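Every heavy atom of this structure was used, including side-chain atoms; hydrogens, water molecules and symmetry mates were not. Numbering of residues begins at 1 and proceeds along the displayed sequence. Please read all numbers here as calculations on a predicted model, not as lab measurements.
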Amino acid sequence: MALLPILSYPDPRLHTVARPISDIGEHHQLLIQDMFETMYESKGIGLAATQVNHHERLIVMDVSEDASKPLILINPRVIWLSPERATSEEGCLSVPGFYDGVERAKEISVEFLNEKGQQQSLLAQDLLAICIQHEMDHLEGKVFVEYLSFLKRNRIKTKLLKAQRELERS
């Protein structure tokens with residue numbers, strides 16, 4: 001297993017729409033392992049393949065306190081969104097150090113394939129529903145800061161670009 005580099009906002013590759021996976025191969029199994037290792041090492045609860053520059057419809061997540069409930073979603077598709085919405089603080093491994101409120105559906109129903117290619121469905125609520133919606137946005141080329149005002153988004157972009165330049169100089 002290996003740690004994968006995570007793309008940082010505003011990297012334009014984060015805006016790539018991921019393509020469906022037609023055949024789950026051995027390279028996908030390795031990618032899933034590497035994505036979990038990267039996510040856990042980075043103290044995240046979800047990671048979309050887009051964030052590690054693999055533009056396929058693959059998400060790994062684990063919203064448990066003790067990293068005991070890994071979940072793999074391949075080609076996920078939202079079937080239903082509850083009309084009730086809630087705003088919660090979100091962060092992102094591609095936007096390190098920034099958190100802000102994003103409004104999302106409180107409950108969702110999603111269909112997906114597991115790592116063996118078996119069709120699955122899941123009714124999710126609370127943190128799991130938020131995480132699935134957040135990660136599915138990545139598959140559509142959308143980063144959570146795009147829900148924020150232009151001013152906030154621009155401030156975050158400026159700070160991250162400045163930090164990146166300072167890192168490159170050292």
Side-chain angles (χ1 to χ4, degrees), residues 1-22 24-63 67 70-78 87-105 108 110 112-113 115 127-170:
M1 296 200 315
L3 291 177
L4 303 170
I6 298 173
L7 300 177
S8 288
Y9 181 79
D11 191 310
R13 294 172 290 182
L14 288 168
H15 299 294
T16 304
V17 176
R19 64 188 173 278
I21 296 174
S22 56
I24 303 167
E26 187 177 323
H27 65 284
H28 291 107
Q29 302 302 328
L30 293 171
L31 178 59
I32 289 167
Q33 290 176 23
D34 290 346
M35 286 176 64
F36 270 118
E37 184 177 352
T38 302
M39 180 190 77
Y40 288 133
E41 179 69 24
S42 302
K43 309 288 189 259
I45 60 170
L47 186 66
T50 300
Q51 293 175 270
V52 292
N53 204 27
H54 288 267
H55 302 286
E56 295 182 290
R57 299 187 74 75
L58 168 63
I59 295 168
V60 300
M61 62 180 57
D62 189 337
V63 299
L71 180 62
I72 299 158
L73 295 92
I74 298 172
N75 298 335
R77 201 166 55 93
V78 172
T87 300
S88 59
E89 271 307 277
E90 288 189 27
C92 181
L93 295 176
S94 291
V95 190
F98 292 92
Y99 302 86
D100 212 317
V102 176
E103 184 182 281
R104 297 195 186 270
I108 66 166
V110 63
F112 58 95
L113 300 176
E115 71 278 11
L127 182 58
L128 182 58
I130 292 164
C131 190
I132 291 171
Q133 291 171 84
H134 176 108
E135 299 307 331
M136 285 186 70
D137 276 351
H138 280 298
L139 300 181
E140 297 302 324
K142 189 170 186 176
V143 181
F144 93 96
V145 297
E146 293 172 46
Y147 289 99
L148 308 179
S149 71
F150 174 78
L151 184 62
K152 282 185 179 181
R153 190 171 53 247
N154 207 36
R155 192 174 324 135
I156 290 169
K157 184 178 183 179
T158 300
K159 287 181 180 180
L160 288 173
L161 287 171
K162 181 181 177 187
Q164 186 178 355
R165 282 191 302 271
E166 288 173 3
L167 187 63
E168 289 169 357
R169 276 190 239 139
S170 57

Residue pair Q51 / S94: nearest heavy atoms and the distance that separates them: NE2-OG, 3.1 Å

Residue pair V110, R77: steps toward the side chain to side chain contact (heavy atoms under 4.5 Å, CB included) verdict: CA-CA 5 Å; V110 63; R77 201 166 55 93; 5.5 Å; no

Does any part of the side chain of I130, heavy atoms only, come nearer than 4.5 Å to the side chain of E90, both counted from C-beta? yes

Output yes when a side-chain donor or acceptor of H28 lies under 3.5 Å from a complementary backbone atom of G25, and no otherwise. yes

Minimum-distance pair of heavy atoms, taken over all atoms of T50 and A18: OG1-CB, 3.9 Å

Could you tell me the separation between the CG atom of L4 and the NE2 atom of H54, rounded to the nearest 0.5 Å? 6.0 Å

Hey, are the side chains of I72 and F36 touching, using non-hydrogen atoms and a 4.5 Å cut-off? yes

dist I74:CD1 -> I21:CD1 (nearest 0.5 Å) comes out at 5.0 Å

Would you call I108 and Q133 a side-chain contact if the rule is heavy atoms closer than 4.5 Å? yes

Between S8 and P96 the two heavy atoms that sit nearest each other are OG-CD, 4.5 Å

Is the Lys NZ or Arg CZ of K142 less than 6.0 Å from the centre of Y147's six-membered ring, within 45° of the axis? yes

Please report the shortest heavy-atom distance between G46 and L93, naming the atom on each side. O-CD1, 4.0 Å

Specify the closest pair of heavy atoms between V52 and M35, including all atoms of both residues, with the distance to one decimal. CG2-CG, 4.1 Å

Is there side-chain contact between V63 and L71, with heavy atoms separated by less than 4.5 Å? no

Given side chains that start at C-beta, do those of V102 and F144 come closer than 4.5 Å, heavy atoms only? yes

Return each pair, listed once, that meets side chain to side chain donor-acceptor pair (under 3.5 Å) where at least one residue sits in residues 31-47; pairs must be two or more places apart or across chains. Y40-D62

Can L127 and I45 be said to form a side chain to side chain contact (heavy atoms under 4.5 Å, CB included), step by step? CA-CA 10 Å; L127 182 58; I45 60 170; 3.8 Å; yes

Strictly by salt bridge (Lys or Arg N to Asp or Glu O under 4.0 Å), give each pair with a member in residues 156-170 just once, sequence neighbours left out. none

Determine the minimum heavy-atom distance between R104 and H134, stating which atoms define it. NH2-CA, 3.6 Å

Hey, does I156 have a side-chain heavy atom less than 4.5 Å from the side chain of V95? yes

Distance col, row N154:CG vs K152:NZ, nearest 0.5 angstrom, shows 13.5 Å

Measure the spacing between CZ of R57 and CG of L113 and express it to the nearest 0.5 Å. 11.5 Å

Taking side chain as C-beta onward, heavy atoms only, is P76 less than 4.5 Å from I132? no

When you measure from the side chain of E115 to the backbone of Q29, do you find a donor-acceptor pair of N or O atoms at a distance under 3.5 Å? no

Under a 4.5 Å cut-off applied to non-hydrogen side-chain atoms, are V60 and I32 in contact? yes

Straight-line distance of L167 CG to Q164 CD, nearest 0.5 Å: 8.0 Å

For L58 and L31, run side chain to side chain contact (heavy atoms under 4.5 Å, CB included): C-alpha distance rounded to whole Å, both residues' side-chain angles, the deciding distance at 0.1 Å, then the answer. CA-CA 9 Å; L58 168 63; L31 178 59; 3.7 Å; yes

Let's go through C92 and H138 carefully: what are the C-alpha distance in whole Å and the side-chain angles of both, what is the deciding distance for side chain to side chain contact (heavy atoms under 4.5 Å, CB included) to 0.1 Å, and is it a yes or a no? CA-CA 10 Å; C92 181; H138 280 298; 3.4 Å; yes

What residue pairs, at least two apart or across chains, pass side chain to side chain donor-acceptor pair (under 3.5 Å) with a residue in residues 9-22? D11-R13, H15-E146

Ignoring hydrogens and angles, tell me if any N or O in the side chain of E135 forms a donor-acceptor pair with the backbone of A48 under 3.5 Å. yes

